[in-house]
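Quick note on labels: first sequence line is chain A, next is B, and so on, each numbered from 1.
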Amino acid sequence: MGIINSSKLVQWFNQVKRDLPWRRTKDPYAIWVSEVMLQQTQVVTAIPYYLRFMGRFPTLSHLAEAEQEEVLELWRGLGYYSRARRLWEGARYVVETAEGRMPKDYQSLLHIKGVGEYTAAAIASIAYEEQVPVMDGNVKRVLSRILRWEEDVEKARSRRFFLEYLGEVIPGDCPGDFNQGMMELGATVCTPKHPRCEQCPLQADCEGFALGDPQVYPVKKSKEKPGSAWRPTLILLHQGQVLLKKRPSTGLLADLWEFPGEEMMVPPWENYRGGKEFSAEAVKVAERVGEETSRYRYNLDFAWYELYKNQIGDAACDEAVQELLSRRPSRQGPLVHTFSHRRWQIYWLVLNLDEVMDKTVRVRENEDSLKGDGLCWLDVKELDKIALPVAFQKVWAKVTI
DNA sequence: AACCCGGGGTT
DNA sequence: AACCCAGGGTT
């Protein structure tokens, strides 16, 4: 079994390493921020986010004192928003429990929520020169090729073996450079599809190169295709404002804003909520406005009003919405948005309450009651200043055109 | 151990 | 259009 030449790797890293903003500091907080961003984003994409983030929150205290909302806003477009929240929570945790002093070793770093084995090892080795190996996707790819590792690299067995291996080759005098070297190698040379083996400082140690098939590693279990779902959405406009709703704190797009609506496994105009009974009130409205008798048309009105009742309710503008729905606004879409594990077909209705102003005088009066449901009227000009997921940004782009 | 969590990039 | 990329938390 090949044992890699650690000093050759470190030497290579110090020669070719890219000049990146987070490599100009030993500040553990800055490294923490960069590592969380880089967990989900390529370097080129992360740089402007990192600079913006550090500009606004230059220290742990700045981040801890910020509102969660502002942190999410700066994260908008990066994805995996729970990580932004955990970073913010982690900063508050450190400030509250350790008076703002970052934990100084791998084990203590692990106590921070949102800091797992990888991030703790990265901070400990880079900021504190602690001799602890990191293992990210790059390292797994490099090792799996050097060793021609035939098992699924995500298996616990693979992880254990790789960590043990790394523990034997990580140098005590420059663990941070070694770790960064392994990751830099995976990012720039030992790339997923077309590794540049001729540039590799570990070529002599690599069984994959020796046998001519490094690109077939790492072996991974194949993934399922994303499941399909419908996403009916209501765009309510009123005096230059649009109605938004805060998403729950768990699950998809946690804590972000959305236009009110609901994910459904079946299209709402066929079978709203997959067989759930409609409310008596919704039936009444559907019958009142249902001039057409076709089942399709009937269920469509039915579904949009039911959606309104469930997601917005009586809070502000029930009568106005009923009136607008009775005018049979045309359904817009679909707009397809694909997540890693789900595929939304977004259909939306634009309801401009100004068209029935006399019936909407209560909208503003009841504004306070909106907040309890996470509902909020927002000036449309402010839409680019809040944490609105890309899926809804795409919808809005089509609404205004 | 299996599943969830979003975006952007490449081919 | 179909593929790739990834670590932490939860169950």
The side chain of A/K155 lies closest to which of these nucleotides: B/dG7, B/dA2, C/dG9? B/dA2
With sequence neighbours left out, what residues match A/Y50 under ring-ring contact (aromatic ring centres under 6.0 Å, His included)? A/W22
With heavy atoms under 4.0 Å as the rule, sort A/S340 into base, sugar-phosphate or nothing. base
Rounded to whole Å, please give me the gap between CD1 in A/I47 and C1' in B/dG8. 15 Å
salt_bridge(A/D318, A/K309) N-O dist < 4.0 Å: yes
Base, sugar-phosphate, or nothing for A/T119, non-hydrogen atoms under 4.0 angstrom? sugar-phosphate
Residues A/R145, A/E207: salt bridge by 4.0 Å N-O rule: no
Rounded to whole Å, please give me the gap between CD1 in A/I123 and C1' in C/dG7. 13 Å
What is the nucleic acid contact for A/N138, judged by heavy atoms within less than 4.0 Å: base, sugar-phosphate only, or nothing? sugar-phosphate
Specify the separation, in whole Å, of atom CZ of A/R83 and atom P of B/dG6. 9 Å
A/Y118 has a side chain; which of B/dG7, C/dG9, C/dG8 sits nearest to it? C/dG8
Could you check whether atom CD of A/E198 has more than 12 heavy atoms from other residues, nucleotides or ligands sitting under 6.0 Å from it? yes
Figure out the NZ/C1' separation between A/K140 and C/dC4, and round it to whole Å. 15 Å
Among C/dC4, B/dG6, C/dG7, the one nearest A/F339 by side-chain distance: B/dG6
Considering only the P atoms, how many Å lie between C/dT11 and B/dG6, rounded to the nearest integer? 16 Å
With a 4.0 Å limit, can you tell me whether A/K394 has a side-chain N or O closer than that to the phosphate oxygens OP1/OP2 of B/dG6? no
Name the residue from A/R247, A/K245, A/K246 that meets the salt bridge (charged side-chain N to carboxylate O under 4.0 Å, His left out) definition with A/E258. A/R247
Pair partner, C/dG9 [Watson-Crick or wobble, under 3.5 Å]: B/dC3
Just call it for A/A156: base, sugar-phosphate, or nothing, with non-hydrogen atoms closer than 4.0 Å on any strand. sugar-phosphate
Counting only side-chain nitrogens and oxygens, does A/R342 get under 4.0 Å of the OP1 or OP2 atom of B/dC5? yes
Counting only side-chain N and O atoms of A/Y49, is one of them less than 4.0 Å from OP1 or OP2 of B/dG7? no
Check whether any side-chain nitrogen or oxygen of A/H337 sits under 4.0 Å from OP1 or OP2 of B/dG7, and answer yes or no. yes
Separation of C/dC3 atom P from A/Q215 atom CD, nearest Å, is 18 Å
Tell me whether the side-chain N/O atoms of A/H341 come closer than 4.0 Å to OP1 or OP2 in B/dC5. yes
What is the nucleic acid contact for A/Q42, judged by heavy atoms within less than 4.0 Å: base, sugar-phosphate only, or nothing? sugar-phosphate
With a 4.0 Å cut-off on heavy atoms, is A/V44 in touch with a base, just the backbone sugar-phosphate, or nothing at all? nothing
Just wondering, more than 12 heavy atoms not from A/K113 lying within 6.0 Å of its NZ? no
Rounded to whole Å, please give me the gap between CD in A/Q39 and C1' in C/dC4. 18 Å
The answer to which of A/V115 and A/K220 contacts DNA chain C further toward the 5' end, by nearest nucleotide, is A/K220
Without decimals, in angstroms, what is the distance between A/R85 CZ and C/dT10 C1'? 12 Å
Taking B/dG9 as the reference, what is the distance to C/dG8 when you measure between their C1' atoms (whole Å, please)? 23 Å
Nucleotide of C/dC5, B/dG6, B/dC5 approaching A/R141 most closely (side-chain heavy atoms): C/dC5
Nearest-nucleotide pick for A/P192, side chain only, options being C/dC5, B/dT11, B/dG7: C/dC5
Please check this pair: side chain of A/D213 against backbone of A/V216, looking for a donor-acceptor N/O pair closer than 3.5 Å. no
Both A/K193 and A/G116 contact DNA chain C. Which one's nearest nucleotide lies toward the 5' end? A/K193
First of A/H194 and A/G79 reached from the 5' end of DNA chain B, by closest nucleotide: A/G79
How long is the line joining CD of A/Q40 and P of B/dC4, in whole Å? 19 Å
